[in-house]
Amino acid sequence: MLDIKFIRKNPDKATELLKKRKHDHKVNDLLQLDELRREKIVAVQNLKEVKNQKNQEITAAKKEGKDFSQIISQMKDVSKDIKTHDNEISEIDDKIKTSLLQIPNIPQDDVPVGDESQNEIVSVHGEEPQFSFTPKPHWDLGKDLGILETERGARMSGSGFNVLVGAGAKFERALINFMLDVQTSAGYTEVSPPHLVLRSTVEGSAQLPKMEHDMYNTQPDDLFLIPTSETALVNLYREEVLPAKNLPIRVTAATSCFRREAGAAGKDTRGLLRVHEFKKVELVNFVAADKSDEALQTMLKNAEAVLQKLNLRYRILLLASEDMSFASTKTYDLEVWSPGVDRWLEVSSCSNCTDYQARRANIRYKEQGGKPQFVHLLNGSGLAVPRLMAALWETYQTADGHISIPEALQPYFGGEKEI
RNA sequence: GGAGAGGUGGCCGAGUGGCUUAAGGCGGCAGAUUGCUAAUCUGCUAUGGUUGGUCAACAAUCAUCACGGGUUCGAAUCCCGUCCUCUCCUCCA
């Protein structure tokens, strides 16, 4: 969430910046609540001061054996007033919090304004692969080679679920190990978090209440299946004050991700393009407030490294203000070229969320002798497995319907060169 | 799942209704002293909110003893609920 002090001091600026996201929030209503809250606090604070004084008088009187019944009868009313005010304040607090949670983060100055048609292509890398034949889409390759079972997956779990078999399953495992090795040698610490998390954890990473219907919830314990390991990783240090010398903290995790994708049925869902359960290597950075711009560039390079080592054609997009996720101030997407489906596929999204998530999850850092302040959080994929695998299969397919193993992956594949 | 014990500041640990603006210790910071990497002494030691201020140092004030309710003029302390930790039993990859 945003800092209400920022909104209080710059209401016009805040409104203007949020317009970039097509977010028409009633900032004035929020500020009125804020003012009311402060009035109430001043009032109740004075009452409590009286209460504390009188309590001391009672203590003294009792010690000296004097009568203090009159003070007590005065205090009954004061205490009642305090309770009334406190209740009102906590109601106002709830409203303010709800309001703040509906306000997205503010885009940075160099973010293009508008919807996804305004996304900027920053750069395109690698050559378009050439074929002497018509390249197959990955679902045909997978089916013909017996390594991807979409029908059997759907039979056991419904549409949007698939089964990898034999070399397909091995390919996925090789890819994950490869990507984790790339990121850990780039300085990331590997983490294996839970896949089920508490409601409060999901709230901490800003996915509730907005995303509730996009997530799988389990009963009777009310645990949520993580839609991305970002959910777990961001919460690693919730409610903590980190020593500044420990920063930056860079963590990576390979986890399954679970998404209901409600409303997306039928759209770009074939094969591995959009599934309910998939594996992804995630990158999360906790950095000092003045280091997050730089960290975003580094994180983008970390994600790109995977595509480069696999010799894939890809491009970098700078997302427009309305296309970014709620918490982000600036987001780069990585899209890989997938010749069989003849499309660019999104395999990573790297965002600088500044202090937006940290304020909500209360993650701070502190210089020795300094004051705590909120860390800046960045997250990015490094990368999402199914679409990357689709692009690899399609790019590396051979005329006789096989798939050659990219050189970088061969060590993870027992030295084999072809499926 | 069953039985029991517990949750107090950065850490240890006292505290069974007002004398706690949380004792004492450890650690940390600053200073004093000492002929040396030690000892001793003194002071300081959290977070958040609100108000005042050249919104920066700071000052005042309120809140915070796992969390949320309740009883009371008054709660770290009593009552209820929740969460977590430990021990034993049960179960189990």
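What you see is a predicted model, and the numbers here were worked out from it, not measured in a lab.
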Practice problem: Mind telling me whether A:Phe178 and A:Tyr412 have parallel, tilted or perpendicular rings, with 30° and 60° as the class edges? | Solution: perpendicular
Quiz item: Can a side chain N or O of A:Arg364 be found less than 4.0 Å away from OP1 or OP2 on B:U47?
Solution: no
Quiz item: What distance, rounded to whole Å, do you find between the two P atoms, one in B:U8 and one in B:A23?
Solution: 16 Å
Quiz item: Where the side chain of A:Thr150 meets the backbone of A:Gly271, is there a donor-acceptor pair that is under 3.5 Å apart?
Solution: no
Exercise. Taking only the side-chain heavy atoms of A:Lys366 (C-beta and beyond), determine which of B:U47, B:G74, B:U61 contains the nearest atom.
Key: B:U47
Practice problem: Could you work out the separation of B:C41 and B:A46 based on their P atoms and round it to a whole Å? | Solution: 23 Å
Self-check item: Interatomic distance at C1', B:G1 relative to B:C92, whole Å
Solution: 13 Å
Quiz item: Which nucleotide, in any strand shown, forms a Watson-Crick or G-U wobble pair with B:A3, with both distances under 3.5 Å?
Solution: B:U87
Practice problem: Provide, to the nearest angstrom, the distance between the CG atom belonging to A:Asp3 and the P atom belonging to B:G49. | Solution: 9 Å
Quiz item: Is there a donor-acceptor contact under 3.5 Å from the side chain of A:His85 to the main chain of A:Asp81?
Solution: yes
Exercise. Can you tell me the distance, in whole Å, between the CD atom of A:Glu239 and the C1' atom of B:C67?
Key: 11 Å
Quiz item: Does A:Thr59 place a side-chain N or O at less than 4.0 Å from the phosphate oxygens OP1/OP2 of B:G74?
Solution: no
Self-check item: Base-pairing assignment for B:G74 (Watson-Crick or G-U wobble, both under 3.5 Å)
Solution: none
Practice problem: May I ask which nucleotide in the shown strands pairs with B:C58, Watson-Crick or G-U wobble, both distances under 3.5 Å? | Solution: B:G52
Practice problem: In whole angstrom, give me the gap between the C1' atoms of B:G17 and B:C73. | Solution: 12 Å
Self-check item: Residue A:Pro372, side-chain heavy atoms: nucleotide from B:G48, B:U51, B:G18 that is nearest
Solution: B:G48
Quiz item: In Watson-Crick or G-U wobble terms, both distances under 3.5 Å, what is the partner of B:U20?
Solution: none
Quiz item: Which of these nucleotides, B:C62, B:C55, B:G18, is closest to any side-chain atom of A:Glu49?
Solution: B:C62
Quiz item: Say you pick atom P in B:G6 and the same atom in B:G15; how far apart are they, in whole Å?
Solution: 13 Å
Quiz item: Would you find a donor on one side and an acceptor on the other, under 3.5 Å apart, between the side chain of A:Asp333 and the backbone of A:Leu317?
Solution: no
Quiz item: Has the side chain of A:Ser90 got a donor or acceptor atom that lies under 3.5 Å from a matching backbone atom of A:Asn87?
Solution: yes
Quiz item: Could you state the CZ-P distance from A:Arg238 to B:C84, rounded to the nearest angstrom?
Solution: 13 Å
Self-check item: Rounded C1' spacing from B:A22 to B:A63 in Å
Solution: 15 Å
Quiz item: In whole Å, what separates the P atom of B:G28 from that of B:G81?
Solution: 44 Å
Quiz item: Is the shortest distance from a Lys or Arg side-chain nitrogen in A:Arg38 or A:Glu35 to a carboxylate oxygen in the other one below 4.0 Å?
Solution: no
Quiz item: If every non-hydrogen atom of A:Val281 is compared with every non-hydrogen atom of A:Ala254, which pair is closest and at what distance?
Solution: CG2-CB, 3.9 Å
Quiz item: Is A:Gln45 touching bases, backbone alone, or none of the nucleic acid, heavy atoms closer than 4.0 Å?
Solution: base
Quiz item: Can you tell me how far C1' of B:G49 sits from CD1 of A:Ile4, to the nearest Å?
Solution: 12 Å
Quiz item: Please give, in whole Å, the distance from B:U20 C1' to A:Asn55 CG?
Solution: 13 Å
Quiz item: Considering every strand shown, what is the Watson-Crick or G-U wobble mate of B:A32 when both distances are under 3.5 Å?
Solution: B:U40
Quiz item: What is the nucleic acid contact for A:Arg359, judged by heavy atoms within less than 4.0 Å: base, sugar-phosphate only, or nothing?
Solution: nothing
Practice problem: For atom CD of A:Gln297, decide whether the heavy atoms of other residues, nucleotides or ligands shown that lie under 6.0 angstrom number more than 12. | Solution: yes
Quiz item: Just checking A:Asn52: base, sugar-phosphate only, or nothing, at a heavy-atom cut-off of under 4.0 Å?
Solution: sugar-phosphate
Exercise. Give A:Lys83 one of three labels, base, sugar-phosphate or nothing, depending on what nucleic acid heavy atoms sit under 4.0 Å from its own.
Key: sugar-phosphate
Quiz item: So what's B:G9 paired with, Watson-Crick or G-U wobble, going by both distances under 3.5 Å?
Solution: none
Quiz item: At under 4.0 Å between heavy atoms, what does A:Lys5 touch on the DNA or RNA strands: base, sugar-phosphate, or nothing?
Solution: sugar-phosphate
Exercise. Have a look at A:Ile41 and say if it touches a base, only the backbone sugar-phosphate, or nothing, with a 4.0 Å heavy-atom cut-off.
Key: sugar-phosphate
Practice problem: Send over the distance from A:His85 NE2 to B:U50 P, rounded to a whole Å. | Solution: 17 Å
Practice problem: Please give the nucleotide sitting opposite B:A63 as a Watson-Crick or G-U wobble pair, both distances under 3.5 Å, or none. | Solution: B:U47
Practice problem: State whether A:Arg38 places a side-chain N or O below 4.0 Å from either non-bridging phosphate oxygen (OP1 or OP2) of B:G49. | Solution: no
Quiz prompt | A:Lys76, nearest nucleotide to its side chain (from B:A57, B:C73, B:U50) | solution = B:C73
Quiz prompt | P atoms of B:U21 and B:C65, separation to the nearest Å | solution = 13 Å
Quiz item: When the distance from NZ of A:Lys48 to P of B:C73 is rounded to whole Å, what number comes out?
Solution: 18 Å
Quiz prompt | Base-pairing mate for B:G68 - Watson-Crick or G-U, with both contacts under 3.5 Å | solution = B:C80
Practice problem: Nearest whole angstrom, please: distance from the C1' of B:G74 to the CD of A:Gln53. | Solution: 15 Å
